Colleague: 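I have a structure I would like to understand better, so I am pasting it below and will then ask my questions one at a time.
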2 protein chains.
Amino acid sequence: MKPDNKGSNGRKQPKKTLVDHVYHEIQNRILYNIWGTGYQALEQELCEELGVSRTPVREALIRLQRDGLVNVVPRHGMRVLPISATDIQQIYQILTSLESLAVELAAARELSARDYKSLDTALKAMKIAQDASDLKAWAQADEDFHYHLVALSANRILIELVDSFWGRAQRARLTMLSIRNNPINSTQDHAKIVDAIRRGDSARARELIEGHRKRGASDLTELMEKHLNILQLS
Amino acid sequence: MKPDNKGSNGRKQPKKTLVDHVYHEIQNRILYNIWGTGYQALEQELCEELGVSRTPVREALIRLQRDGLVNVVPRHGMRVLPISATDIQQIYQILTSLESLAVELAAARELSARDYKSLDTALKAMKIAQDASDLKAWAQADEDFHYHLVALSANRILIELVDSFWGRAQRARLTMLSIRNNPINSTQDHAKIVDAIRRGDSARARELIEGHRKRGASDLTELMEKHLNILQLS
DNA sequence: ATGACAATTAATGGATACCTTAATGGATTT
DNA sequence: AAATCCATTAAGGTATCCATTAATTGTCAT
């Protein structure tokens, strides 16, 4: 997701339309675990909670359902979908694949100095956060980096696709963050990827990010299996 | 998309809810080019056309918009999105990437005889259609084959994702089918892929499908550039 | 004649009212 | 006592209604 407050993430800015507002509000509550896995609410309850009528709620729910965040079943309202170890694994597999493509495309393009700047900025932020052991800032910078990477692919449809995946990925990431002991030194990985892009070596860039993601994913699943009891999953 | 009539494809089966009906109806009209690129209609017009009120129409439009088939802009109703050469290229890039992942996963799994059967059936259908020079049947069989391939990944989220992409992919494919001179002999490609899966050689399988898709994509874009004037693309 | 502003109109976003349907509990029958 | 069926009711699906806002057109002034 975009690091700024456009798109579907975010800080609560008064949105133009109520549907958007409801959408972002519910999304936030799910992503920041205010409404945890399994939380159920009827349309009417959501209306009262959010102070709007059923129309915007219903329309927001359609979008959220497509995002894979909730399930809407007649007579039982919406339900926040569980995110299992399997889900996380599958999500990371997909993200790996899509990001690999993005990086390959980015490396094959002519990038401007401005493009590199966005990557370098994120890289620097990661280093700073890592030195300060600021786990949250690190995660944010990591997210920014990966976002910019995808943006550089110049494949508009791909960017949208990854964006629409962001919610699920974010949930997976946040879930893991809570039990992740130390930030993996992926800062180095990232620097290498940027280098490969700079050299225009698309095959190598793809290789690198694929390895990076796969390592990340296997770390995550390993952690999950260890801490499965702690997490309120499934 | 599933070759049978479940999911979002399809033959017009009387759906349970009006929203579903409207969704499928509009989707069909777009996919089968009854409403071509650039077609515009106000919500009210859609209501009259389909004989329902605005509510189901609006809810269906949200889904269609997410599918990338239409754009809904206030005061101008919905508009069938153009599909440009660039779009087709980008869509194929993404599909290539996702299918590569799917094949890799499939090859790494233990597949049942039943699984292979679904592939073999599609393969056989392709051969028959090819011998009969039945372009339409060939395209259908090709689609079936690729669908089954993805299904064998056992990555539920991936399957859904590709499925939701189906509409756009289908439009790209149909657009191309009209100007495609002869079915590329991808039947051989397919057979090789199935072989690799059978041997459990996931890397090779991935390589093969990636090559297959990339060749297909470049053929398509080449064709598009030649015939750009024929197509009503934007 | 052209541009700007205002009045009109029409389409959307949102609220509400209505109707259909499914879950629940109780009653009746075996 | 258990099972089945019916009645009740609440939730969701759909239609309609209202308010807001943007497009359009017409008029007036420069």
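None of the values given here were measured: they were computed from a predicted structure. What you see below is based on every heavy atom in this structure, not just the backbone, and it leaves out hydrogens, waters and symmetry mates.
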Colleague: Quick one: does M78(A)'s side chain get under 4.5 Å of N71(A)'s, heavy atoms only?
Modeller: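 Heavy-atom side-chain distance check fails, nothing below 4.5 Å.
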Colleague: Quick one: bend of the helix from dA1(C)-dT30(D) to dT30(C)-dA1(D) from 5 pairs per end, to 10°?
Modeller: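 So the angle between the two local helix axes works out to 0°.
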Colleague: What's the verdict on side chain to side chain donor-acceptor pair (under 3.5 Å) for R171(B) and T37(B), showing C-alpha distance, side-chain angles and the deciding distance?
Modeller: CA-CA 10 Å; R171(B) 279 187 83 199; T37(B) 278; 3.1 Å; yes
Colleague: Round to the nearest Å and state the distance from E59(A) atom CD to dT14(D) atom C1'.
Modeller: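 From E59(A) CD to dT14(D) C1': 13 Å.
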Colleague: Need one value for E43(B): base, sugar-phosphate or nothing, where a base atom within 4.0 Å counts as base even if backbone is also close, heavy atoms only.
Modeller: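 Result for E43(B) = sugar-phosphate.
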Colleague: Whole-Å distance between dG12(D) P and Q65(A) CD?
Modeller: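 From Q65(A) CD to dG12(D) P: 13 Å.
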Colleague: Given dA15(D), is OP1 or OP2 found less than 4.0 Å from the side-chain N or O atoms of S53(B)?
Modeller: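 Result: yes.
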Colleague: Would you compute the distance between atom CG of L123(B) and atom CG of D142(B) and round it to the nearest 0.5 angstrom?
Modeller: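 So the gap between those two atoms works out to 10.5 Å.
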Colleague: With respect to the side chain of R75(B), which nucleotide from dT20(D), dG13(D), dA15(D) is positioned closest?
Modeller: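 The closest nucleotide is dT20(D).
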Colleague: Would you mind telling me which residue lines up with the more 5' stretch of DNA chain C, G51(A) or L42(B), judged by nearest nucleotide?
Modeller: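 Closer to the 5' end of DNA chain C: L42(B).
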Colleague: Say whether, by atom type as modelled, one donor and one acceptor occur between the side chain of R168(B) and the main chain of D67(B) under 3.5 angstrom.
Modeller: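 Judged by distance alone, yes, a pair lies under 3.5 Å.
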Colleague: How close or far is atom P of dT16(D) from atom CZ of R54(A), stated in whole angstroms?
Modeller: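 Computing the R54(A):CZ to dT16(D):P distance gives 16 Å.
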Colleague: Less than 4.0 Å between a side-chain N and a carboxylate O, is that true for E25(A) and R29(A)?
Modeller: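 Yes, charged N to carboxylate O under 4.0 Å.
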Colleague: Using a strict threshold of under 4.0 Å (side-chain N to carboxylate O), is an ion pair present between R63(A) and E59(A)?
Modeller: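 No.
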Colleague: Could you tell me from which nucleotide to which nucleotide of DNA chain C, 5' to 3', there is an atom under 4.0 Å from chain A heavy atoms?
Modeller: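 First-to-last contact on DNA chain C, by the 4.0 Å heavy-atom rule, is dG14(C) to dA22(C).
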Colleague: Using the rule side chain to side chain donor-acceptor pair (under 3.5 Å), only one of H148(B), H146(B), Q140(B) pairs with D144(B); which is it?
Modeller: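 Considering H148(B), H146(B), Q140(B), a side chain to side chain donor-acceptor pair (under 3.5 Å) with D144(B) is found only for Q140(B).
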Colleague: Between D115(B) and S118(B), which heavy-atom pair has the shortest distance, and what is it?
Modeller: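 Looks like O-OG, 2.6 Å.
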